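Whatever order the structure lists them in is the order used to number ligands and atoms, beginning at 1. This is a predicted model, so every value here is computed, not measured. Residue numbers run from 1 in the order of the sequence given.
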Amino acid sequence: MPGRTGVDVLGGAMSHGGRSVVVFSPRGGTGTTTLAIALATWLAGLRPGHNSVALLDFHLPFGNLAAMLGLAPAFTLGGADQHWTPADIGRVFTPTSLGCNVVASPNDPLVAESVTVLECASALAFASAHHDLMVVDIGSNLNEATLLALESATALVMVVNGDPQALPAAAAARATLGLLGIPVDDIVLVANRVGSVHQLDSGTIGRALGHRAIYEVPDSPDVALAVKKGRSLMRDWPDHPWSVAVGRIGELCLGNDVSGLPALPRDGRRSWLGRRTRRRGHQPIGPPTVAIGRP
Ligand SMILES: Nc1ncnc2c1ncn2[C@@H]1O[C@H](COP(=O)(O)OP(=O)(O)OP(=O)(O)O)[C@@H](O)[C@H]1O
Ligand SMILES: [Mg+2]
């Protein structure tokens with residue numbers, strides 16, 4: 001990816017005009033927005049109180065990032081003006097309790113249709129000028145706006161699940177990204193919802209896609225429960241296996257080697273779940289990374 005340097009986020013890379021992590025899935029409903037929010041939360045947690053991360057919703061139409069965060073943003077993409085100045089910071093970015101600032105997509109599909117590539121470019125430039133890091137949820141769309149986001153990405157996260165029917169789309173998407181000049185071997189390939197029933201295992205997915213490594217994110221009912229309760233699993237429960245797995249992906253997006261990190265912990269309990277989570281109540285989720293080997 002252009003600009004990928006492997007510099008630690010707390011070091012020299014945290015200057016303005018920084019990195020962008022683009023989260024993409026070839027199929028809808030795979031967990032792209034959930035992961036984008038969690039990554040932004042994890043990245044924002046590296047510099048709490050610094051407003052260092054912008055989270056942009058480029059899933060047009062029908063992006064639901066703001067809704068998933070329980071936000072009712074006063075500003076969304078689809079406005080006529082794109083020549084923002086520092087005086088517009090408070091207007092364009094919707095702050096969150098997670099430490100990241102959101103650029104929301106419009107609810108109305110007709111407004112979404114009016115969003116131009118120029119506006120998306122302005123949003124990226126404005127977010128980049130005022131944050132150290134950006135996380136962009138592009139959903140399942142490869143269009144002019146999302147290709148723009150991909151072009152400026154320092155890390156691309158592609159989310160797949162173990163649905164056998166989804167594999168051909170994932171393979172086609174990976175090949176298309178290659179044709180577009182994206183270095184596909186650098187893609188951070190994520191198998192989401194590992195451990196859920198009737199899913200292919202990560203090794204099979206990685207081999208089918210010819211990718212050298214695949215990073216597992218476990219299936220957990222706590223993910224949806226947190227959204228339902230308006231909470232953040234990542235912020236409230238950073239040592240939950242799901243949060244730890246997302247943190248590893250965050251490290252990778254920063255270019256950091258995760259191979260030496262300790263094994264994933266089992267989860268404990270958090271009172272807002274409204275129940276006691278038994279220490280032995282979750283299946284072990286296995287190694288976080290499945291090395292596939294070069295095809
Ligand atoms: N690891 C996980 N474990 C359990 N549930 C998950 C996990 N990841 C995502 N989900 C759930 O899957 C559902 C879809 O997630 P999400 O909306 O993030 O997918 P998406 O790819 O952004 O979908 P869309 O294409 O509609 O934008 C949500 O209910 C979410 O809570
Ligand atoms: Mg989504």
Side-chain angles (χ1 to χ4, degrees), residues 21-42 55-71 76-77 98 102-107 109 112 135-143 145-146 149 156-163 165-166 169-170 173 188-202 205 214-238 240-250 264 267 270 272-273 277 281-286 288:
V21 176
V22 170
V23 188
F24 163 73
S25 174
R27 293 256 296 210
T30 312
T32 315
T33 304
T34 304
L35 186 60
I37 292 171
L39 280 172
T41 306
W42 185 85
L55 176 57
L56 294 88
D57 190 357
F58 277 13
H59 186 161
L60 299 166
F62 307 124
N64 67 338
L65 195 149
M68 207 181 262
L69 287 169
L71 301 173
T76 70
L77 294 171
L98 304 173
V102 166
V103 177
S105 65
N107 271 331
V135 177
V136 191
D137 175 6
I138 65 169
S140 316
N141 300 331
L142 289 180
N143 54 35
T146 57
L156 169 57
V157 177
M158 183 164 129
V159 190
V160 295
N161 63 21
D163 174 2
Q165 309 303 324
V188 177
L189 183 65
V190 172
N192 191 27
R193 309 198 69 164
V194 168
S196 56
V197 285
H198 306 310
Q199 300 283 304
L200 296 174
D201 66 89
S202 307
I205 300 170
I214 186 161
Y215 298 90
E216 297 184 340
V217 173
D219 185 64
S220 171
D222 299 336
V223 175
L225 187 58
V227 175
K228 189 174 160 200
K229 297 208 168 203
R231 308 299 294 241
S232 163
L233 197 56
M234 172 56 77
R235 181 196 56 196
D236 296 353
W237 197 343
H240 188 288
W242 177 85
S243 306
V244 173
V246 174
R248 285 172 191 275
I249 293 162
L264 302 184
D267 52 358
R270 283 298 179 276
W272 56 259
L273 285 169
T277 308
H282 284 250
Q283 294 295 316
I285 64 167

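With a 4.5 Å cut-off on side-chain heavy atoms, Gln199 and Val194 do not count as touching. Within the 4.5 Å cutoff, the side chain of Trp242 has heavy atoms near those of the Val223 side chain. The shortest distance between side-chain heavy atoms of Val21 and Leu39 falls below 4.5 Å. Counting only heavy atoms from C-beta outward, the side chains of Tyr215 and Val157 never approach each other to under 4.5 Å.
Proximity of a side-chain donor or acceptor of Thr30 to a complementary backbone N or O of Thr32 within less than 3.5 Å is not detected.
Annotation for ligand 1: atoms under 4.0 Å from non-hydrogen atoms of Trp242 are 1 (N). Listed by number with element, the atoms of ligand 1 under 4.0 angstrom from any heavy atom of Asp219 are 3 (N), 4 (C). Contact atoms of ligand 1 toward Gly28: 25 (O) (distance under 4.0 Å to a heavy atom of the residue). If you number the atoms of ligand 1 from 1 as listed, the ones under 4.0 Å from a heavy atom of Ser220 come out as 3 (N), 4 (C), 5 (N). Under a 4.0 Å criterion applied to the non-hydrogen atoms of Met68, ligand 1 contributes the atoms 16 (P), 17 (O), 18 (O). If you number the atoms of ligand 1 from 1 as listed, the ones under 4.0 Å from a heavy atom of Thr32 come out as 18 (O), 19 (O), 20 (P), 21 (O), 22 (O).
Here the heavy atom of the protein found nearest to atom 11 (C) of ligand 1 is Arg193 NH1, 3.8 Å. Residue, atom and distance of the protein heavy atom nearest to atom 27 (O) of ligand 1 are His59 CE1, 3.2 Å. Here the protein heavy atom with the shortest distance to atom 29 (O) of ligand 1 is Ala224 CB, 4.7 Å.
Rounding to the nearest 0.5 Å gives a distance of 5.0 Å between NE2 of His240 and CG of Leu233. Note: Ile205 CD1 to Ile214 CD1 = 4.5 Å, rounded to the nearest 0.5 Å. The distance from atom CG of Asp222 to atom CZ of Arg231, rounded to the nearest 0.5 Å, is 13.0 Å. Taking CE of Met158 as the start and CG of Asn192 as the end, the distance is 13.0 Å to the nearest 0.5 Å. Annotation: the span from Ser243 atom OG to Met234 atom CE amounts to 4.5 Å, rounded to 0.5 Å. For the atom pair Ile37 CD1 and Leu69 CG, the distance stands at 4.0 Å (nearest 0.5 Å).
Around the Mg ion (ligand 2), the protein N, O or S atoms closer than 2.8 Å are Thr33 OG1, listed by chain and residue number.
Contact analysis leaves Gly139 out of contact with ligand 1, as no non-hydrogen atom separation drops below 4.0 angstrom. Assignment of Thr30 to the shell around ligand 1 is supported, since a heavy atom sits closer than 4.0 Å. Within the 4.0 Å heavy-atom shell around ligand 1 one does not find Ser25. For the pair Ala36 and ligand 1, no heavy-atom separation below 4.0 Å is found.
Distances from atom 18 (O) of ligand 1 to the heavy atoms of Leu225, Leu233, Val223, Thr34 put Thr34 nearest. By heavy-atom distance, the residue among Gly29, Ala245, Ala226 lying nearest atom 25 (O) of ligand 1 is Gly29. Closest to atom 1 (N) of ligand 1 by heavy atom, among Ala191, Ala67, Pro218, Gly63, is Pro218.
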Using the side chain to side chain contact (heavy atoms under 4.5 Å, CB included) rule, take Val246 and Thr41 through it: C-alpha gap first, then chi angles, then the decisive distance, then the call.
CA-CA 10 Å; Val246 174; Thr41 306; over 6 Å; no
Assess the residue pair Asn107 and Thr76 against the criterion (side chain to side chain contact (heavy atoms under 4.5 Å, CB included)); give the C-alpha distance rounded to whole Å, side-chain angles, the decisive distance to 0.1 Å, and a yes or no.
CA-CA 9 Å; Asn107 271 331; Thr76 70; over 6 Å; no
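Side-chain contact of Asn141 with Thr146: a donor-acceptor pair under 3.5 Å is absent, judged by distance alone.
Contact annotation: for Asn192 versus ligand 1, heavy atoms closer than 4.0 Å belong to the side chain alone.
For ligand 1, the polar-atom distance check finds an N/O of Gly31 within less than 3.5 Å of one of the ligand's N/O atoms.
Shown here, atom 5 (N) of ligand 1 is in close reach of the protein: a heavy atom of it lies under 4.0 Å off.
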Can you give the donor-acceptor pairs under 3.5 Å from side chains of residues 55-67 to other protein atoms, not counting sequence neighbours?
{"from": "Asp57", "atom 1": "OD1", "to": "His59", "atom 2": "N", "distance (Å)": "3.1"}
{"from": "Asp57", "atom 1": "OD2", "to": "Leu65", "atom 2": "N", "distance (Å)": "3.3"}
{"from": "Asp57", "atom 1": "OD2", "to": "Ser105", "atom 2": "OG", "distance (Å)": "2.9"}

